[in-house]
Every structure is written in C-alpha cells, then in structure tokens.
Amino acid sequence: MDKTYQPSDIEQSWYKTWEEKGYFRPSGEGSPYSIMIPPPNVTGSLHMGHAFQDSIMDALTRYHRMKGNNTLWQVGTDHAGIATQMVVERKLAAEENKTRHDLGRENILEKIWEWKEHSGGTITRQLRRLGASVDWDHERFTMDDGFYKAVQEVFVRLHKDDLIYRGKRLVNWDPKLHTAISDLEVENKDKQGHLWHFKYPLADGAKTADGKDHIVVATTRPETMLGDTAVAVHPDDERYTDLLGKSVLLPIVNRLIPIVADTYVDKEFGTGCVKITPAHDFNDYEVGKRHASALINIFSKDATVLAEAEVLNIDGTPSDAFDKVLPESYVGLDRFDARKQIVSEFESLDLLEKIDDHALKVPYGDRSGVVIEPLLTDQWFVRAGPLAKPAIEAVENGDIQFVPKQYENMYFSWMRDIQDWCISRQLWWGHRIPAWYDEQGNVYVDRTEEEVRANNNLDASVALSQDEDVLDTWFSSALWTFGTLGWPEATERLKTFHPTDVLVTGFDIIFFWVARMIMMTTHFMKDEDGKAQVPFKTVYVTGLIRDENGDKMSKSKGNVLDPLDMIDGIDLESLVEKRTGNMMQPQLAQKIEKRTRKAFAEGIQAHGTDALRFTLYSLASTGRDINWDMKRLEGYRNFCNKIWNAARYVLMNTEEHDCARDHDNYELSLADKWIISRLQQTEASIEKSISEFRLDHATHTLYDFIWNEYCDWYLELSKPVLNPSNDNKAQQTGTRRTLVRVLEAVLRIAHPFMPYITEEIWQRIAPLADKSGDTIMTQAYPVADENKVDQKALGDIEWLKGVIISLRNIRGEMDISPAKTIPALLKNGNDEDLRRFNENASYIQSLAKLESLTWMNAEDEAPMSATQLVGQMEILVPMAGLINVEAEVTRLEKEIAKAQGEIKRLDGKLGNAKFVSNAPADVVEKEQEKLASAQQSVSKLNEQLNKIKTM
RNA sequence: AGGACUAUAGCUCAGUUGGUUAGAGCACCACCUUGACAUGGUGGGGGUCGGCAGUUCGAAUCUGCCUAGUCCUACCA
C-alpha cells in the first residue's frame, strides 16, 4: 500500500466492480428494506443538499444490506415540468432566437426529450461518484411509460370519485410562463410600496355623513380599479350606513358600481372603504361571490390591459351586468404602466387624495420571478379535503413518524387547513391531462381516446380533442413510492417493497411532496385487509446545507458548492468559471468572482468521496441546518489517511506471519482483551445511534474508537508485544490475531459510511482475519457480543493510561525531551495498583519511555521528585538532573489549586443538609468519595510541595 | 399576525430521563521528523452554556419573560 491515502486511485474502480457484479440489486433474501430516492430534476445536477441526503440513504441502505435485509434503494429522476421546459426554451432563444410557439408542441417536446437524454447522465454520474448503491437495473423516470400509465389511472379514478374537478376559478397566474401555478409555488416577498387614496364620486347627488360628495378608497394596486365592481364597507360602520345601496361613479371608466356591506372590511384600516375587484384579488373574489355581482376581467394572459373587458357571472358564464368598454388609452398597456397612468389621471382629475408609504407582501412565481397575477381561468383541481383526512390520521396514529418530531406540527397545520390543489399547467412538458372535448365543449375523462369513445358511444364522426394542459409535476411525483414499483400492475416488487421504510428529504418539500405522497398512497394503496397503506414508515427530515456564513446556497449568490469538487478538487480559475458562467443575471458575475477568489484562494483540494460522506454524517444532527465548513472536511480526509496508515501498520505486522487463522494456539494480552471489549461497546453504541437516525453520533463514536483508542493506544500497546525481544510467541500470535480481526470488524462497521476505503483495505485484511468473500458490501454487519467485554481489562487499561498520561504530563510540563528515557517510581499504591504494576510494568516503560519503573513500599524514603497522582497512588519522577524546581512548584500549585477548588465546591454541596437529605443516596455517596479523594490529593501534593520548597 | 426552530470555546458542532471539573474536530501555544501515519505524535491554554427571573438540594438541560437570528403559514385593501 502507498504511504499516503489517495482516494482517486481506488474509488472509481470499486464502484464499477460493485455495479458490474450486481451487488446493488435486492438480494431476494431476508426481510425487505426499501428506500425511494427523492427524484432529482433530470436535467439538473446534484448539489450539496442532494449529496447529504443521498449519503444518508446510502449509509442506511448499505447498513441494512449488511444486516441481511432484502434491500432496495430505488433510483430515478423527475421530469420537473416548468424547470426543464424553461431551460430548453431559454436555450432555444439563445441559440436560434425562437420561441416555443415558433416550433410548435411536437417539435419542442422532441427537443426536450433530446435534452433530457443529453443531460440526464449528469445526475447518474454524480450518484455513482458518491458511491450510491442504488438499483440501477430499475431506474425510473416520472415520464416513462409505466409512470404514464400510473398517472392516467390515478387521474381517471380520482375524477370518477369526484376528487378531481374542472372549473373556472381565480388562480395564481404566471404572466411570464403563461401558466397557472399552485399556492405553494408562490413566494410572498416583503416590498415597500404605496397606498394610494382615491376619491370615488358618489352618484345621484348622495352625500357622506360629513357632507362630502365622494368616498375615499385606498389601494396598493391602482390599475385594478378598471375592474372594480363594487365598494365595500363594514355593515356596522356608522359613517357609511346611509350610503348602503347607493352607488359611486367609477372615475375614468364611468361605471356605476354599488356600495355594499361586508364584514371582510376592517373599519379601522384606511378609510374603511374598500374597492372590490373580484377578478383580480382573492379576497375580493370571495366578497364578490357573496354579493353576487359580476366579475370584470381586464387583463390578458400577459397581464396587459385587454381591448375589451370580460364580464362574467361568478360561475364563469358571460354576463352583461356591466359595459365591456375599457378606456382606449389603456388598451395593451402592461399592468405596471397602467398603474402609473391611472395614478396620474386621478391626480389630474383632482381625485388623488394622498399617497402613503406602505409595506406589503407581493406574490412572485418561484420559477419565473415575476409578480403573480390572480386571473380567472379554467383549471383542473384536486379536492384535497377528503384525501387529507386519512393522510392526517396516518401521522396521528403513528403509522408514519417524522424525525425530528416537530415537523409533524408543520404537517398537521397545513393539512388541516388544506386548499384544493390546482393541478393543470399550461405547459407542454409533462403528463397531458387525459380529458377530451367534443365540439360542444362536453368533457370526457378516461385513460385513452378509445376508452372515451367506447364508454360514451362516440363514433368516429364525433371530433374529439385532448385537453392541451399538462399536470403539475408534483402530481406524478406524488405517486413515486408505488409508481416506481410497477403500480397499477400488482407486481412482485410492489408487494415486496411497499410500504417503504424511510423517506429522507428536506423540510422544504414536506408540503409539495411528502404530504401529497401520503394523500395519494393512503387513497390508492390498501393492504390485504383493505387498510390504507402508508408510503413510508419514517420521514427523516434533514436540515439545509448552507455556506460558511450561514447563507443559503444559490446560483445567483455564487456560493454553490458542487459535491464533486469536494471529492476531486478544482483549481481556482475553473471554480470561478463554473460559478460565473451561464448565469441568468450576468451583472452579478463580478461580485461572485471576487467572493470566490477570496474564499478559495487556493482552489479546492481533492478530499475523496469517503471524506465528504463522513463529514456529512458527522454534521447530520437533527432539526438544525448545517453551515458548511471546509475545515471539517479536511479533518475527515485526515481521518481516512489515519485509517489507511493504521492498516499499513497492521499489514506490515501480520502479512507473512501467523495470525492464528486455523488454530487456537495463541494468548490474548491485556491490550487485546481491552480493545476487543471496547470494540463490542463501540458496536453496541453505533447500532443504537443508527436506529435513532443519529448518524452524527454513530460516526463520532467510530472516529473516536479508531483514532483515539485503536490507533493511539492499541497500536502503541501492540508494539512492545510484537517486539522481537518478547519471547512469548503465543502472545505475539494473539496480538497479531487481534490486530487484524479488530481492524476487519472496524472496516465492516465503517463501510456504510466510507464505502471505498473500507473495501480497498478489507480486500487485503480479510484473508488474514479468516474471512472470505468478494466484497465487504455483503459481509455481515458486526454485532456486539456482551460476553467479550472484559471489565478487568477495561479497568486495567484505564489505570495504565492514567499512569502513562501522568508521566507524559510531567515530561511535557518539565520540558524533558521526548527522546530522553527517565526513571520513575510508584508509591503509596494499594494492592490493586501493585497487581497492575506487576502485570503491566513493561507496557508503561515502553509507552512512557522509561529507563526504569520501581515500586516503592510506603516506608521507603523517596528521592526529590516531580509528582502526579493516579487515584491515590503517587507517580514520581526523580528530579536529579531533570526537573526544573520552579516549574515543578508552579505545576504542583496549579494542581493543588484545582483540587482545592473541587473541595470547596463539594464542601458546600455536602454541607447543605437539604442536598444530603433530598438527593439520591448514590449521588451523595459519589460526592463524598470525590471529596475524600480530593482531600487526600491535596495533602499528598502539599507534602511534595513542602519537600521541594525545603530542599 | 400565528407557529416552529436556533443561540454552548476564536470557528463548525455534540451534550440522553436535571446529578463527575460541560465535550469533539478545526484553529491557537510549546516540544518532537521516534520504523504505520507531519494528512502525524505528546503536552497545554481557551467557555458566566444569549440575558433576566423562577421551580429544585442541584439547571446548559425544566417553566416564564426578554434579546438576536432563521424558517414556515396566513394576511388589511
């Protein structure tokens, strides 16, 4: 093995081997364990968040595979409707200066499929680099043939059950993308705007209570006044009761509109008069419904003013309640230009009372970034209420558990107040809605046109045209857990692997995805007794990975980190290019470049997949976001190197040696028994951590065991045993056996977290540990054996470590060269100390670099020495020629002060009668022991101090 | 407006049903190229656990209030 760990030398080839040998496939044996990958956007690339979640899923998958489960990690990608279509449209505009309408639906779809084929490999390549042990043989795509069937089936059945309906409703309209979007796709942003106060003249000579001939309405959206159909006041507002039933003459359009009473109005806000524009505001729409007035739509799909208003009844049918004429000077104007013109026209008419500054929330499309316009359009909706009920129950009764639990509240609060879900999108890329219209506008829903004709007795003479719209991407991804397994066919995979075990995802898509999967699954999937099935038993919600400053990673901020750059490294120039190239807002490039050059002056070094993964696990505590820290990544890269070198040491000492593979002629040393005991405890602890999804604890325990116990102590303790001067050959064999076997077990423990380095080393170690097999991947995961825990060995080594550390401490504080051997004495020890001394003196001599270690009887006079205590035993290093007296005085005083502080604290505690009477006896007893021990320590240390001082 | 979460060493984070002198990694200081490893070894320094009050024999941990930050949901035109 090379002296230094080089991840690039081992990682790629191992993945290829694993995949070729089919190790990722379900074994077909053992109880099933399944995880569905949250399907990433097929044309995207993995970011750190994906790497984080996928690493967690891989660890769980590999762990259960080694545990003997029939393990499936289902892989696949999402067609991501809007996002993907946008990318291709942008490309088309840039390269050919054409819009999608220039090419037409068929051609565009062809182009998107081409693009999907071309870029779809990025994600799968990245997953492979991460070591993801997914079942590639059954990779799925949310628009493959199987999904097409599942989606049609779900749509048709929901429609038959009256859980899907079509209607003209006010929806969130994206004027840039020309599609409706769901409430969840709207981002409300805080903006500084204005509140314009307009005078609306009263008609028919009516006057207000205080004698004015107008009322004042306040609005943040002046342009919508072109569509006003009423003015509302609160029914109890005495200022306006006389005006109820009267009308105002709407300026500019000269439309007579009624003054109505509605409790929606807040008397205290503004003037207490609200202009009502039912076609362009969700609240006004509700008010409009109550007052049965008509709607006046003034905007086109681009949010420009129409040539002629659409006047409609609430149910969407045409109405002639109002005149359709819109002022000519506004026709075709963009909504924001119209706003300016309205304001200035009110001003010139002397009807603008005032303009206040006003903070408001403005709705933006999360994809397009433009202001959303409420618009009355025909759309398809899922009736969410009935679907939500069993989905809520599944979480309430514990069939599904969220980790951490707090997210259940978030889920409940949204689900209990769920709104109908607008599922139609005016896009081309997606699942086309299985609805057909005849020439009279009758709608037929079925799986195919043939079925429509057959089921409705429509022969070929009746022209049918399919609905142009496609379904929201989340409609198909809601079927992910069962759609990927072959539903609606009753496949063996579906039967075996559904419900799945755990879903690993971010809190940001609990509503978009998790909640909808639960709704769809509980509705469509039933077990043998007809009970609703859940899609997964546990939802493990991860935090977000943020940059080093705690900012969200985003392309426009230029702080995105590519997981592959952590693995392979990247030079500064390439990183700058990557972050600033192909930007939607090129004006940000300079800032990003500066920032990048500052943060990564040296570029990014290669750290390898194992180090990246280990870092992610170590940060994976629950309920908290993660601020990415390159330094931790470096630390864990070093950890990999540590393992690498420990393995080199082990191999060096065991290859070509007798490791007791096929005989029992060996003897275990104290150190052997100790490390075997600690291995059991480590295994038990890691097992528990994984079961609680605390991979941070699991990896921390593993790190601590490997570095601080196996390497720092056990390997060092093995050196004196393996020294040729030791003539206990049986013991040497025992230590060699322990060296390889503990390492071999550790590799298996670590494999789910660090798949590559563990496989690479295991291949060499396994034969020495009498293990056979082609890969570590399918070896049994180590299980703790209580019987192998040797309490005596644990105690003895703790003592041994205490003595050695004390001696090292004296060396350090006294500035004694590590190369110099020194003599040491042990004094005032008890029988146990004496036994331990007798059994282990050679270890101490070796590890503390002593020239001699002598046991002194209590009555013997000790030479002038530096002193440390282990328990009540004194460890003495004679001062002659070694010890700096002043330094020793300082050191002793420091120790004494520490112990005295302890005594003071304990005295106070034990002097408190309430503590002694109320605290549990064992706590009190422990404190008393501590006090006694501290008092003895102080007296012994003082004795030493006086001795030195009187010298 | 309602709700959730977070605040622990210079930095990134652990800390279990309240009970050792509150821990780790990185950074820092000193010494050390010792035959696994300088991507290393040994020793050391560093924290009023955001603030105030309360419950308790005992609070980083439980309760209340406050401050700062993050996020979610719903919104007054």
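Here is the naming used below: chain letters follow the sequence lines, and residue numbers restart at 1 for every chain.
Within 4.0 Å of T220(A), counting heavy atoms only, lie sugar-phosphate atoms of the nucleic acid but no base atom. Heavy atoms of K405(A) sit nowhere under 4.0 angstrom from any nucleic acid atom.
Here K3(A) reaches the OP1 or OP2 of rC37(B): one of its side-chain N or O atoms lies under 4.0 Å away. K361(A) has no side-chain polar atom (N or O) that falls below the 4.0 Å cut-off from OP1 or OP2 of rA74(B). Taking 4.0 angstrom as the limit, H197(A) places none of its side-chain polar atoms (N or O) nearer than this to OP1 or OP2 of rA77(B). Contact annotation: N918(A) reaches the phosphate of rC57(B) (side-chain N/O to OP1 or OP2, under 4.0 Å).
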Enumerate all atom pairs, one protein N or O and one N or O from nucleotides 43-47 of chain B, separated by less than 3.5 Å.
residue, atom, partner, partner atom, Å
rG43(B), O3', N809(A), ND2, 3.3
rG44(B), OP1, N809(A), ND2, 3.0

If you restrict it to nitrogen or oxygen atoms, what contacts under 3.5 Å exist between nucleotides 9-13 of chain B and the protein, and what is each distance?
residue, atom, partner, partner atom, Å
rU12(B), O4', D629(A), OD2, 3.4
rU12(B), O3', N627(A), O, 3.3
rU12(B), O2, R632(A), NH1, 2.9
rC13(B), OP1, N627(A), N, 2.6

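Residues forming a ring pair (Phe, Tyr, Trp, His ring centres under 6.0 Å) with Y285(A) (at least two apart in sequence, or on another chain): none. The ring pair (Phe, Tyr, Trp, His ring centres under 6.0 Å) search around F512(A) returns W474(A), not counting sequence neighbours.
With rC71(B), rU73(B), rA77(B) as the candidates, the nucleotide lying closest to the side chain of L195(A) is rA77(B). You'll find that the side chain of H700(A) is closest to rA24(B), out of rA36(B), rU39(B), rA24(B). When distances run from any side-chain atom of F915(A) to the nucleotides rC57(B), rU16(B), rG15(B), the shortest one goes to rC57(B). For P818(A), the side-chain atoms get nearest to rC31(B) when compared with the rest of rC31(B), rC57(B), rU39(B). With distances taken from any side-chain atom of R637(A) to the nucleotides rA36(B), rG15(B), rU39(B), the minimum falls on rU39(B). For V265(A), counting side-chain heavy atoms from C-beta on, the closest listed nucleotide (rC37(B), rA77(B), rG19(B)) is rA77(B). In this structure, the nucleotide among rU70(B), rA36(B), rU16(B) sitting nearest to the side chain of R546(A) is rU70(B). With rA36(B), rA38(B), rG19(B) as the choices, the nucleotide that has an atom nearest any side-chain atom of K642(A) turns out to be rA36(B). Among rA77(B), rU20(B), rA36(B), the nucleotide with an atom closest to any side-chain atom of K930(A) is rU20(B). Candidate nucleotides rC26(B), rU42(B), rA77(B) were compared by shortest atom distance to the side chain of D712(A), and rU42(B) ranks first.
Between the OH atom of Y407(A) and the C1' atom of rG3(B) there is a distance of 13 Å, given to the nearest Å.
No salt bridge links D237(A) with K267(A); every basic N to acidic carboxylate O contact stays at or beyond 4.0 Å. Between E927(A) and K930(A), at least one side-chain nitrogen of the basic residue sits less than 4.0 Å from a carboxylate oxygen of the acidic one, meeting the salt-bridge criterion. Under the 4.0 Å criterion applied to side-chain N and carboxylate O atoms, D629(A) and K631(A) are not assigned as salt-bridge partners. With salt bridges taken as basic N to acidic carboxylate O contacts below 4.0 Å, one links R290(A) and D262(A).
Residues V274(A) and F269(A) have side chains not in contact (no heavy-atom distance under 4.5 Å, counting atoms from C-beta outward). The closest side-chain heavy-atom distance from M225(A) to W196(A) is not below 4.5 Å. Y200(A) places a side-chain heavy atom less than 4.5 Å from the side chain of D228(A). Counting heavy atoms from C-beta outward, L561(A) and F600(A) have side chains that approach closer than 4.5 Å.
Between F639(A) and F614(A), the ring-plane angle classifies as tilted under the 30° and 60° cut-offs.
Place K914(A) and D190(A) on RNA chain B by their nearest nucleotides, and K914(A) ends up nearer the 5' end. Judged by closest nucleotide on RNA chain B, A620(A) is the one of A620(A) and W414(A) placed further toward the 5' end.
Closest approach of T219(A) and F198(A) over heavy atoms only: CG2-CE1, 3.9 Å.
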_Secondary structure string for RNA chain B (Watson-Crick or G-U under 3.5 angstrom, | for other-strand pairs)_ = (((((((..((((.....[...)))).(((((.......))))).....(((((..]....))))))))))))....

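Applying a 4.0 Å cut-off to non-hydrogen atoms, the residues of residues 702-710 of chain A that approach RNA chain B are Y703(A), W707(A), listed by residue number.
Taken from CG in L544(A) to CE in M48(A), the straight-line distance is 12.0 Å, to the nearest 0.5 Å.
Cation-pi geometry between K642(A) and Y703(A) is not satisfied (NZ or CZ under 6.0 Å from the ring centre, within 45° of the ring normal).
Spacing of P atoms, rA24(B) relative to rC62(B), comes out at 23 Å, to the nearest Å.
With respect to E813(A), the salt bridge (charged side-chain N to carboxylate O under 4.0 Å, His left out) criterion is satisfied by exactly one of K894(A), R808(A), R891(A): K894(A).
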